[in-house]
Amino acid sequence: MLGKDRSTWRRALHRRFGSITAPRNSPSRKRPLSERIVSHPGRLSIAYFGVMLILVTMLLSLPVAARSGEATSFHTAFFTAASALSTCGIAIVSTNAYWTMFGQVVILLAIQFGGLGVMTFASLLSMSITRRIRVSQKIRTANELGAEKLNEVRSVIAVVLICTFSVEIIAFILLLTPLMRQNPYNVGHALFEALFFAVTSYNNTGFTPDTAGLYIHDWGIGIPIMLSAFIGTLGFPVILNVFRCACKRKGPRSWSLHSKLTIVTTMCLVCLSLIWFCTMEWNNTELFPSDDLASKIRHALVAAVMPRSAGFDISWMPHVSEQTKLFMTLIMFIGGGSASTAGGIRVTTFAVLLIVCRGALVGRRDDSIFGKRLHTQTVIQAITITGICTGLVYVSSLALLCITNRSLTDVMFEVCSAFGLGGYTLGVADPNNPGTLYILAALMIIGRLGPMTVAYAISRPQQPQAFRYPSEHILVG
C-alpha cells in the first residue's frame, strides 16, 4: 500500500509541477551549435541565407569580378549579393558594364539558389546533415511548399526542383532563337543571354545581362519572359496543385482554395494594372514610344505584369506620374503568391483581408470564399503579417527620409520595391550613400525570408497555457 501511495503522489506532483529532472531538450542541457541550428527550421533558413550572402559578397568583392580589375567596395558587393539572393534585382551598377563574366555568373548562381527558396535548400541541407528531415522542419517546409501531408515533403522538394528547371529550360529554348537574331555574330553571347533571361525571369529578378535591358519591342523575347515571370509569381503550391489536377483531368473546380485565391487575385491585380497604365499613362511617350494601338497594348501588358516582382526594363520608370508611382507602390507591397519567387505581404494575405472586411461589413459570422470557410488562425496570421510589414515600411521610409533629400513618394516606392522584391528603382539606392544600401538590403532580406520566418527564428518555444482569461468586448473603430 505504501508503494502504491508513493506512486499516486508522484503522479500527482508530476501533473502539478512537471518533471523534476531536466527534459531532453531543456536549455540546461548543452547541445552542439550545429544540432541547435538544424533542429530549428527558422534559424536554419536564416543561417543558410547568411552563409550564402557572405560567400556571394566575398566573390563579388574580388578584383576578377569587376571589369576595372579593382576590388569592389564592400557596400556595393553586399547590396548586389543581397539583391541577387533575395531575387529582388535592384542594380546600383550596370550588370554588363561593371561586372565581368565571372561576376555575372556569380550573380546568376545567387539568383538561382535564392529563387529555389530558402526553406527548400534548408531542408536539403538538413537532410544531408541528419540523413532525415526532422518533424519540425517538415511542418515548416510543408507550410511553405504546400504539401498536404508531412511525408510528401521529400517528393514536393523534388517537384520544386523539376518544375523550376523545366520552366527555365523551356524559357531558354523559346528565347534562344530571337536572341540569336539580336546577336547574329555572337552565338556565345546569345546563349548566355538566353540562359540569364530564363533564370532571372522565372525567379522574378530584374538583373539583365545587356546594357540595352529587356528587349521589350521584340515580342518573341517579351512573351516568354513575361509568361515565365508570371508563372514564377504564382508559387510552388499553386503550380503543383494545378499540375496534379491537370494530370487527373480535373478542372479549376478541383483546385485547392489557396490556388483559386492566388490565381484569381493575381489576375485581378494584373487587369487592374493594365487598366491603370492604359488610362493614366496613355500619353506617356517614354512608356508608349509608338502611337500604334497594338504596340501600346503590348507595352501596357508588360508594365502590368512586371512591376509586381520582376523589375525588367526600368528605363521608363522615372518618367511616370506621381499617381502611378503610388499605385505601383501598393502593387509591389502586395507582391506575388506565397512560396513564390516574389515578395510583399503576398496576394493571398491581401485576399484574406478583403474577405474579412467584406464579412465585417455585411455582418457575416464566418469568413468564407468559394464555398470554403477560412480558419481563424489564417485570418490572425494575415492581419499580423500586414501589420508587421506596414510598420516595417513606415520605419524604413522614415529612416531613408532622414538620410536622403528625396520625396516621400520616391522613398516609399523604393522601400516597397525592396521589400516586395519588385526590382524597380528611382535612384534612392545610392552607392555614394551606403546607409541607403544597407537599409534597402535589410528590407530585401526580410522580404525574401518573410517576416513570419524571422519572428519564428528569434522566438523561444512557449509552454502551453494552463488557463484562459475571461473575455470582454471593447469599442474599436
**OP:** Give the intermediate values and the outcome of side chain to side chain contact (heavy atoms under 4.5 Å, CB included) for residues S94 and W99.
**Re:** CA-CA 8 Å; S94 173; W99 303 109; over 6 Å; no

Subject >> R244 side-chain N/O to W255 backbone N/O, donor-acceptor pair under 3.5 Å >> reply: no

Original post:
Regarding S201 and S228, is there a side-chain donor-to-acceptor distance under 3.5 Å anywhere?
Top reply: yes

**OP:** Could you tell me whether a side-chain N or O of T265 sits under 3.5 Å from a main-chain N or O of L261, the two making a donor and an acceptor?
**Re:** yes

Original post:
Is the closest side-chain heavy-atom distance between L53 and I445 below 4.5 Å?
Top reply: yes

Original post:
More than 12 heavy atoms of other residues, nucleotides or ligands under 6.0 Å from CZ of F74: is that the case?
Top reply: yes

Original post:
Rounded to the nearest 0.5 Å, what separation is found between the CZ atom of F165 and the CD1 atom of I170?
Top reply: 14.0 Å

Original post:
What are the two closest non-hydrogen atoms of A81 and T57, and how far apart are they?
Top reply: CB-OG1, 3.5 Å

Original post:
With under 30° as parallel and over 60° as perpendicular, where do the rings of F413 and Y424 fit, or are they tilted in between?
Top reply: perpendicular

Subject >> Pair N241, S259: side-chain N/O donor-acceptor within cut-off below 3.5 Å >> reply: yes

Subject >> Closest non-hydrogen atom pair, C416 against T329 >> reply: SG-CG2, 3.3 Å

Subject >> Residue F370 excluded, over 12 heavy atoms near CZ under 6.0 Å >> reply: yes

Original post:
Looking only at heavy atoms, which two atoms of A429 and L440 are closest? And how far apart?
Top reply: CB-CD1, 3.5 Å

Original post:
So do the side chains of T87 and R448 get within less than 4.5 Å of each other, counting heavy atoms only?
Top reply: yes

Original post:
Is there side-chain contact between L179 and F197, with at least one heavy-atom pair below 4.5 Å?
Top reply: yes

Original post:
For R67, does the CZ atom have more than 12 heavy-atom neighbours from other residues, nucleotides or ligands under 6.0 Å away?
Top reply: yes

**OP:** Determine, step by step, whether F79 and M444 satisfy the side chain to side chain contact (heavy atoms under 4.5 Å, CB included) criterion, reporting the C-alpha distance in whole Å, the side-chain angles of both residues, the deciding distance to 0.1 Å, and the verdict.
**Re:** CA-CA 9 Å; F79 184 86; M444 290 187 289; 3.6 Å; yes

**OP:** Find out whether E168 and Q112 are in side-chain contact, i.e. whether some heavy atom of one side chain is under 4.5 Å from a heavy atom of the other.
**Re:** yes

Subject >> Side-chain donor-acceptor pair present, T76, Y98, cut-off under 3.5 Å >> reply: no

**OP:** For T200 and T208, run side chain to side chain contact (heavy atoms under 4.5 Å, CB included): C-alpha distance rounded to whole Å, both residues' side-chain angles, the deciding distance at 0.1 Å, then the answer.
**Re:** CA-CA 8 Å; T200 55; T208 55; over 6 Å; no

Subject >> Nearest atoms (heavy-atom pairs only) where I162 meets S166 >> reply: O-OG, 2.6 Å

Original post:
Does the side chain of Q104 come under 3.5 Å of the side chain of T95 through a donor N or O and an acceptor N or O?
Top reply: no

Original post:
What are the two closest non-hydrogen atoms of S396 and L443, and how far apart are they?
Top reply: OG-CD2, 3.3 Å

**OP:** Please name the pair of heavy atoms, one in T72 and one in A66, separated by the smallest distance, quoted to 0.1 Å.
**Re:** OG1-CB, 3.8 Å

Original post:
Taking T378 for the side chain and L374 for the main chain, is one N or O donor matched with an acceptor at less than 3.5 Å?
Top reply: no

Original post:
Would a 4.5 Å heavy-atom cut-off, applied to side chains only, mark F230 and M267 as touching?
Top reply: yes

**OP:** Establish, from distance only, whether the side-chain atoms of T348 and T262 form a donor-acceptor pair under 3.5 Å.
**Re:** no

Original post:
Between S417 and V415, is there a donor-acceptor pair closer than 3.5 Å when you use the side chain of the first and the backbone of the second?
Top reply: no

Original post:
Can D367 and R373 be said to form a side chain to side chain contact (heavy atoms under 4.5 Å, CB included), step by step?
Top reply: CA-CA 6 Å; D367 301 311; R373 178 172 54 86; over 6 Å; no

Original post:
Parallel under 30°, tilted from 30 to 60°, perpendicular over 60°: which one fits the rings of Y438 and H75?
Top reply: perpendicular

